[in-house]
Amino acid sequence: MNKAARARLIEIAQDVMQHAAAKTFRTAESTMTLPASMYTDQQRFQDERTKLFRRVPLMLAASCELRNSGDYKTMDVAGVPILLTRDRSGVAHALVNICTHRGAPVASGAGNATRFVCPYHGWTYGIDGRLAAVASAKDFGEIDKACFAMRRLPVHERYGLIWVTADPAAVLETDRFLGDFGEALGGFGFESWHLVERREMPGANWKLAFDAHLEFYHLPVLHRNTFGPTTNNQALYFFNGPHERLIRPIGLEKPGITADADIFQWCDRPVTDWPIEAMLLGEWILFPNVSINSFYTGGRGVLISQILPGATVGESITIQSYFMQNEPDAEQLVAVRANCEFLARVVRDEDLTNSYNQQRALGSGLLKEVCFGRNEAGGQHFHCWLDAVLATPDDALNTLFTDHADQPLGSGRSLRLDKQC
């Protein structure tokens, strides 16, 4: 991590400790209203699939998921079938998971392979997507194999994470999109972590599912039976471009957390002594659809949640992936899996059930606007950026992210990107 990124983490940690000591927190400048139809309008949903999910780099995997040569993983992203692989040289590839003969997917799930064989006619592809062999080649006829390679997608491996843009013709540069946020995120060192458990859960509109990750206001109400009715619901927000962090200005009073993970135990020590781990507290939001939360049950871990749009405006998928810094032993694994089940229950039975109820109610068309409070600055910031990206043509995307990339990571004020916000 470079000095500038560490300095920004220190700035944020100091701000959190100051607010904790004063028992205060910042709010947005005002409340904000948006059309309720943004959750129910089918045309808006189609625009989000094509103008957002196919134009911006999406965090699709941690590097450790493709640890070895031949490792692969498949996903469906806004209707685009994607195959992630790692070749013998250690390079990650993102391919459109479609056989170039007749369009069948060549892989499913995740695993390790030396080649991919289409289940329809047996065409064979290398781990990098090159066409290696045509079944019954003499009978099929002459073709140029180079012209029948699987389509490649822009892919960049940064900060222990793999970012993919689901359009071969994408113009937005990943480094511009990430800005300074990525360098700070690199403090986790996800390259060497270990995937422990993954599950998928269906939900309502993807924004309804994701909104719950953008504020703590709902914690003591919606999660009163899991986190408790006295849970602190205040959040400090720190923005960098479209990305953000949410941090509650209170101590981390959870069992199993060491001094290296609790910034409040370091407040009287020189900042040069502060460990990186302690300055990574809070929830990290990677625009437009990923959240990262830290946990310490059975050892240091993170829950990475990816929310993807489904086939219709009222459908989404939440993918929960739990990673641990160190490979757990049998005893730790029992505790971790129990925690994963708890977190799944919180999201599935409380957050996603509530979002289904919202979807049905909003589908009536009788509520014309939704409101985001001053204490919901994260939601305000997210929806401002979402509208801005949808309104920006391809040739201006890099400019959009460059113009707003210099906002300090420690700033608690949300950008006002357009007249709607």
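Since this is a predicted model, take the numbers as computed values, not measurements.
Of the inter-residue distances, the one linking L60 atom CG with K73 atom NZ reads 7.0 Å to the nearest 0.5 angstrom. Between atom CZ of residue R198 and atom SG of residue C340 there is a gap of 11.5 Å, rounded to the nearest 0.5 Å. Atom SG of residue C64 and atom CD of residue E191 lie 9.0 Å apart, to the nearest 0.5 angstrom. Distance CZ/R176 to CG/N398: 4.5 Å, rounded to 0.5 Å. Note that the CE atom of M279 and the CG atom of L9 stand 5.5 Å from one another [nearest 0.5 Å]. Rounded to the nearest 0.5 Å, atoms CZ (F401) and OG1 (T392) are 8.0 Å apart.
When all heavy atoms of T40 and G363 are compared, the pair lying nearest together is CG2-N, 4.0 Å. Of all the heavy atoms in Y237 and E244, the pair that sits closest is CD2-OE1, 3.8 Å. The minimum heavy-atom distance between A209 and T318, with the atom names listed, is CB-OG1, 4.4 Å. Counting all heavy atoms, side chain and backbone alike, D351 lies closest to H223 at OD1-NE2, 3.1 Å. In this structure, S355 and A204 approach most closely via the heavy-atom pair O-CB, 3.5 Å. Shortest non-hydrogen contact noted between R152 and P168 is O-CB, 3.6 Å.
The pair R337-E341 fails the salt-bridge criterion, with no side-chain N (NZ, NE, NH1 or NH2) lying under 4.0 Å from an Asp/Glu carboxylate O. The pair E277-R300 counts as a salt bridge, with a side-chain nitrogen and a carboxylate oxygen less than 4.0 angstrom apart.
Partners of R130 by salt bridge (charged side-chain N to carboxylate O under 4.0 Å, His left out), not counting sequence neighbours, listed by chain and number: D128.
Environment of CZ in R115: sparse, with no more than 12 heavy atoms of neighbouring residues, nucleotides or ligands closer than 6.0 Å. More than 12 heavy-atom neighbours from other residues, nucleotides or ligands sit within 6.0 angstrom of CZ on F227. The neighbour count for R151 CZ, taken as heavy atoms of other residues, nucleotides or ligands under 6.0 Å away, does not exceed 12.
The only option from F190, Y159, F181, F238 that meets the ring pair (Phe, Tyr, Trp, His ring centres under 6.0 Å) definition with W284 turns out to be F181.
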Report task. Assess whether side chain to side chain contact (heavy atoms under 4.5 Å, CB included) is satisfied between E376 and M32, documenting all intermediate values. Result -> CA-CA 9 Å; E376 298 175 296; M32 183 182 80; over 6 Å; no

Requested in this report: Kindly indicate, with the supporting measurements, whether the criterion salt bridge (Lys or Arg N to Asp or Glu O under 4.0 Å) is fulfilled by K51 and D167.
Outcome: CA-CA 10 Å; K51 296 180 181 179; D167 182 353; over 6 Å; no

**Report entry** Worked verdict on V347 versus L343 for side chain to side chain contact (heavy atoms under 4.5 Å, CB included)
**Finding:** CA-CA 6 Å; V347 173; L343 296 172; 5.8 Å; no

Query raised in the report: Can you check side chain to side chain contact (heavy atoms under 4.5 Å, CB included) on I143 and F148, steps first, answer last?
Result: CA-CA 8 Å; I143 64 167; F148 283 83; 3.9 Å; yes

Report task. Using the side chain to side chain contact (heavy atoms under 4.5 Å, CB included) rule, take H381 and L214 through it: C-alpha gap first, then chi angles, then the decisive distance, then the call. Result -> CA-CA 9 Å; H381 189 78; L214 303 175; over 6 Å; no

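Checked by atom type and distance alone, the side chain of N233 never pairs as donor or acceptor with a backbone atom of F216 at under 3.5 Å. One N or O on the side chain of K207 and one on the backbone of M38 form a donor-acceptor pair closer than 3.5 Å. Remark: the backbone N or O of S316 is not paired with any side-chain donor or acceptor of N205 at under 3.5 angstrom. No donor-acceptor pair closer than 3.5 Å links the side chain of R54 to the backbone N or O of V77. Remark: the backbone N or O of A62 is paired with a side-chain donor or acceptor of E65 at under 3.5 angstrom. Judged by distance alone, the side chain of N2 and the main-chain N or O of A5 form a donor-acceptor pair under 3.5 Å. The backbone N or O of A132 lies less than 3.5 Å from a partner atom in the side chain of K145, making a donor-acceptor pair. Checked by atom type and distance alone, the side chain of Q306 pairs as donor or acceptor with a backbone atom of M59 at under 3.5 Å. Panel note: side chain W193, backbone F188; a donor-acceptor pair is recorded below 3.5 Å.
Between F239 and W385, the ring center distance fails the sub-6.0 Å criterion. H121 and F140 have their aromatic ring centers separated by at least 6.0 angstrom.
Side-chain atoms of D211 and H383 include a donor-acceptor pair closer than 3.5 Å. At a cut-off of 3.5 Å, with distance as the only test, no side-chain donor of N97 or Y72 sits close to an acceptor on the other residue. No side-chain donor from either of E350 and N354 sits under 3.5 Å from a side-chain acceptor of the other.
Using cut-offs of 30° and 60° for the angle between ring planes, the Y125 and W123 rings count as tilted. Below 30°, between 30° and 60°, or above 60°: for F177 and H243 the angle between ring planes is above 60°, a perpendicular geometry.
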Table please: side-chain donor-acceptor pairs of residues 80-90 below 3.5 Å, with sequence neighbours left out.
{"from": "T85", "atom 1": "OG1", "to": "I127", "atom 2": "O", "distance (Å)": "2.7"}
{"from": "R86", "atom 1": "NE", "to": "L66", "atom 2": "O", "distance (Å)": "2.2"}
{"from": "R86", "atom 1": "NH1", "to": "G90", "atom 2": "O", "distance (Å)": "2.7"}
{"from": "R86", "atom 1": "NH1", "to": "E157", "atom 2": "OE1", "distance (Å)": "3.1"}
{"from": "R86", "atom 1": "NH2", "to": "S63", "atom 2": "O", "distance (Å)": "3.4"}
{"from": "R86", "atom 1": "NH2", "to": "L66", "atom 2": "O", "distance (Å)": "3.3"}
{"from": "R86", "atom 1": "NH2", "to": "E157", "atom 2": "OE2", "distance (Å)": "2.8"}
{"from": "D87", "atom 1": "OD1", "to": "S89", "atom 2": "N", "distance (Å)": "2.9"}
{"from": "D87", "atom 1": "OD1", "to": "G90", "atom 2": "N", "distance (Å)": "3.1"}
{"from": "D87", "atom 1": "OD1", "to": "V91", "atom 2": "N", "distance (Å)": "2.9"}
{"from": "D87", "atom 1": "OD2", "to": "H93", "atom 2": "NE2", "distance (Å)": "2.7"}

